[in-house]
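Residue numbers run from 1 in the order of the sequence given.
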Amino acid sequence: MQYPSSLTLAQLESTHPEYQDLAPALQEISLLTAGGYRLKNQIQQFLPQRPGEESSLYESRLQKYTYNNILSSAINSQVSKLSNGALNVSGLDSEPDFWTKWREKTDLAGKRAEKELIAEIFREILKFKKVYLHIDKPEAPVKPKNKAQEKLLGLRPYLVFYNASQVINWSEDGAGKPQWIKVRQLSQDTSNPFAQPLTRCTWTYIDQETIARYAAYVKLDKAGKVAAIVDVQGEEIAGGEEVKVPLATPPISHNLGQIPVIKVELPSDLWVCDQAASKALQHLRTDCHKYDLETFLYVQRQWKPQLTPDQDLHNSYTDSADEPLPTGLQYVLQNGDFDWKEAEGKILPQLAASLQQIEDQVRSLISQGGLSGSSKGAVEQSGLSKAFDFQEQNEILKSYGVILTQAYQQVLQLVAQSQGLPHESISCSGLDSFDLDNLDSMLEQVSKLAATDLSSLKEKLPPTLFKLLYQKLCSLLVGNLSAEQQDAIEQEIVSFATDQTYV
C-alpha cells in the first residue's frame, strides 16, 4: 500500500464502526479492572450527581469513594488456573539456541517469557475480548543486506501487544484475518526539562507489505479524544480536522508477504467480562452508598421552628420559609420537636449481604461455573459435587486453551518466517488439563504414573509414539515450565525412549 507524505487529522482519526460501538464499554472495563488512582480520577463517570443534589454535598460524597477491585481479582484467579495447564511446542529443531532465547525473552526489553506471554494474552482477551500481536524487529543503524548481517546486528524478532482500544480501524478477509490495521498510541514527551510535557500521538498503519507511522503533538479533550494538533510550544495549530500530519519515518517494508499481526479474539459467549463489568459497577455503587450511609449513623432529622406570641396587633409577622435550616443537611423534616435520631441499622446488614452476593456473581461469571460463589459453600460441598465443579471449569478452561494454543502457534510460525527459519512443522498443543484440585490431583497422578509399567509399554509402542505419549504424561504432571526446563526434560525423555539401559 502506498502512503502519502501526510494525512489530515480527520483521516487519521477515522474509526471502524465496531470500534465506535465497543469504545465506551472498553473504557469502562479498563477503569474497573485498573482501580486505584485511574478510577478515582474518573469516579464522576460512575457516581453521577443526583437530581437536586447540591454541588458541595456531591463533592463530599465523592470524597467517600471506595472500591474493592473484585473484577480484576476474579480475572487474575482465572488466569492463575489456566497457568496450571501445560503448553507443548514441537517443530523448533532448527536453531534451538535462538528458540530457547526467544521463548525466554519474547519482548524487546527481554522481560516477558513464554509463560508470562500466554498469561498476558489470556488476561487481555478476558477483559477486552481481543488483542493484536505484532511481530516486529528493532530499527537498525544501517540496513542489513541479508540474514547474516541481521544476526550480527542483533535484529531479533520481538512481540508487541496492541489492546482492543488501541486498534481503532481495520479491514479483514472473509475468515476474519486482518488485511490492515491502524493503531493509535499516546505517549508523553518530557525531553525538554524547561517546558511542560507534551502529548504525542502516533498512528501506525500495518498492512501486508508495509509499516507506516504518522505522529504529531496533540491536545486531548476530557474523553481522551484528539481535539487539536499543537506545535512544539503547545499552541494549537489552526485548521481543525483538516490539519496535515506528516509521516514520522519513511514507510518500512517488512518483506513477510503477509501482515505481521495476529488477532486473538474470544467468541461473544466466552467474553464474560462484558457482563461481569456491569455487576462490578453495581458493587462499586452499592459499596459507596453503604459507606455514605455509615457516616450518618447519627443524623439530625427533625426540627421545629420556635414560635413566639405576636405582640404587635397592627403588623403580622411570619417566619421566612426561605431561610436554610441550621442543620448542615440538605433535607430535614419539620416536626413537633427537635432531637437526634440514630439509624437503626437494618439496612446495613442487607447492603453487606447484597455486596457479598454481587461479588459471588462476578466471580461465577468469570469462572463460568467453577467453585461455589462463596468460600463457605465450597467448603461444605461434597467430594462428588466438587468433582463436578472442577470438571465443568476444566471444560471452560479448555475452550480458552484451544484459542490460546492456536494463537501462539501462529506467533511462533510468524517469528520463524521473520527469522528465515522453517515454520511449517511448528505446532502447539496442551492447555487442555488443569490441576484445579492441586494436592489431591497431584498425589493421584503421581500414584498412577508410578504404578504404570513404562518398560512394558515401551516395548509395545513405536519409539516415536512412546516418546510423544511419555512427554504428554510428564507435561500434565508438572504443568507449565520454562523453555529451558522443557528442553531438558525432552532430552531426558528422548534418552529414556531410545536407550534400553536408561530403565
Side-chain angles (χ1 to χ4, degrees), residues 18-19 21-35 39 46 67-85 117-133 161-167 176 263-287 354-375 377-378 386 388-408 431-436:
E18 181 181 328
Y19 176 83
D21 293 338
L22 283 177
L26 297 179
Q27 183 194 30
E28 181 177 290
I29 293 171
S30 177
L31 291 173
L32 289 173
T33 52
L39 178 59
F46 302 106
Y67 178 59
N68 181 15
N69 199 342
I70 57 175
L71 187 58
S72 181
S73 175
I75 291 173
N76 289 335
S77 176
Q78 191 77 337
V79 172
S80 177
K81 291 170 186 175
L82 184 125
S83 297
N84 290 328
L117 173 62
I118 299 298
E120 189 171 349
I121 295 173
F122 186 38
R123 184 179 291 106
E124 287 294 306
I125 60 177
L126 279 180
K127 291 193 295 185
F128 305 122
K129 190 181 182 183
K130 59 183 175 181
V131 66
Y132 293 83
L133 310 176
F161 267 85
Y162 300 133
N163 62 45
S165 61
Q166 291 177 314
V167 179
K263 183 186 72 170
V264 188
E265 184 173 14
L266 289 179
S268 297
D269 58 335
L270 287 180
W271 185 34
V272 291
C273 200
D274 185 31
Q275 303 175 35
S278 61
K279 300 302 296 184
L281 178 55
Q282 182 186 4
H283 190 279
L284 181 152
R285 288 172 173 165
T286 304
D287 198 15
S354 179
L355 286 169
Q356 183 60 54
Q357 182 183 28
I358 297 171
E359 182 174 348
D360 293 344
Q361 290 173 342
V362 170
R363 297 188 184 280
S364 295
L365 282 170
I366 297 297
S367 64
Q368 282 273 294
L371 287 171
S372 298
S374 64
S375 57
K386 281 186 177 181
F388 278 120
D389 276 348
F390 286 134
Q391 180 62 29
E392 186 175 359
Q393 189 169 15
N394 191 77
E395 293 301 317
I396 293 296
L397 290 172
K398 283 173 64 176
S399 300
Y400 290 124
V402 171
I403 296 172
L404 292 171
T405 52
Q406 290 178 350
Y408 191 57
L431 295 182
D432 53 4
S433 181
F434 312 92
D435 297 330
L436 302 179

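Side chains of Gln78 and Gln393: a donor on one and an acceptor on the other come within 3.5 Å.
The line from CG of Leu270 to CD1 of Ile396 is 6.5 Å long, rounded to the nearest 0.5 Å. For the atom pair CD of Gln356 and CD of Glu359, the computed distance is 5.0 Å after rounding to the nearest 0.5 Å. Taken to the nearest 0.5 Å, the CD1 atom of Ile358 stands 11.5 Å off from the CG atom of Asn68. Taking CD1 of Ile121 as the start and CG of Leu404 as the end, the distance is 6.5 Å to the nearest 0.5 Å. Taking SG of Cys273 as the start and CD1 of Ile366 as the end, the distance is 5.0 Å to the nearest 0.5 Å.
No side-chain heavy atom of Val131 sits under 4.5 Å from any side-chain heavy atom of Tyr162. Residues Ile118 and Leu431 are in side-chain contact: their nearest non-hydrogen atoms beyond the backbone lie under 4.5 Å apart. At a threshold of 4.5 Å between non-hydrogen side-chain atoms, the residues Leu22 and Phe128 do not count as touching. Contact check for Val362 versus Asp360: no side-chain heavy atoms found under the 4.5 Å cut-off. Between Ser278 and Gln282, every side-chain heavy-atom pair lies at or beyond the 4.5 Å cut-off.
When the side-chain hydrogen bond (donor to acceptor under 3.5 Å, both in side chains) test is applied to Glu18, the partners found at least two apart in sequence or on another chain are Lys130. Residues satisfying the ring pair (Phe, Tyr, Trp, His ring centres under 6.0 Å) criterion with Tyr132, sequence neighbours excluded, are absent altogether. With sequence neighbours excluded, the residues forming a salt bridge (Lys or Arg N to Asp or Glu O under 4.0 Å) with Glu124 are Lys127, listed by chain and number. Contacts of Ser165 classified as side-chain hydrogen bond (donor to acceptor under 3.5 Å, both in side chains), with partners at least two apart in sequence or in another chain: Asn163. With sequence neighbours left out, Phe122 forms a ring pair (Phe, Tyr, Trp, His ring centres under 6.0 Å) with Tyr400. Ala277 meets the side chain to side chain contact (heavy atoms under 4.5 Å, CB included) test with Glu28, Ile29, Leu32, Leu71; sequence neighbours excluded. Under the rule for a side chain to side chain contact (heavy atoms under 4.5 Å, CB included), the partners of Leu39 that lie at least two apart in sequence or sit in another chain are Leu31, Phe46, Tyr65, Tyr67, Leu284. Applying the side-chain hydrogen bond (donor to acceptor under 3.5 Å, both in side chains) test to Ser268 and every residue at least two apart in sequence or in another chain returns Lys129. When the salt bridge (Lys or Arg N to Asp or Glu O under 4.0 Å) test is applied to Lys279, no partner is found at least two apart in sequence or on another chain. Residues satisfying the side-chain hydrogen bond (donor to acceptor under 3.5 Å, both in side chains) test with Ser30, not counting sequence neighbours, are Arg38.
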Problem set entry | Verdict with supporting geometry, Ser73 and Arg363, side chain to side chain contact (heavy atoms under 4.5 Å, CB included) | CA-CA 9 Å; Ser73 175; Arg363 297 188 184 280; 3.4 Å; yes

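The minimum heavy-atom distance linking Gly401 with Leu82 is given by the pair N-CD1, 4.3 Å. Closest approach of Ala276 to Leu365, counting heavy atoms only: CA-CD1, 3.8 Å. Nearest heavy-atom pair across Pro267 and Ile403 is CD-CD1, 3.8 Å. Residues Ile125 and Leu266 come closest through the heavy atom pair O-CD1, 3.2 Å.
The backbone N or O of His283 lies less than 3.5 Å from no partner atom in the side chain of Asp287, so there is not a single donor-acceptor pair.
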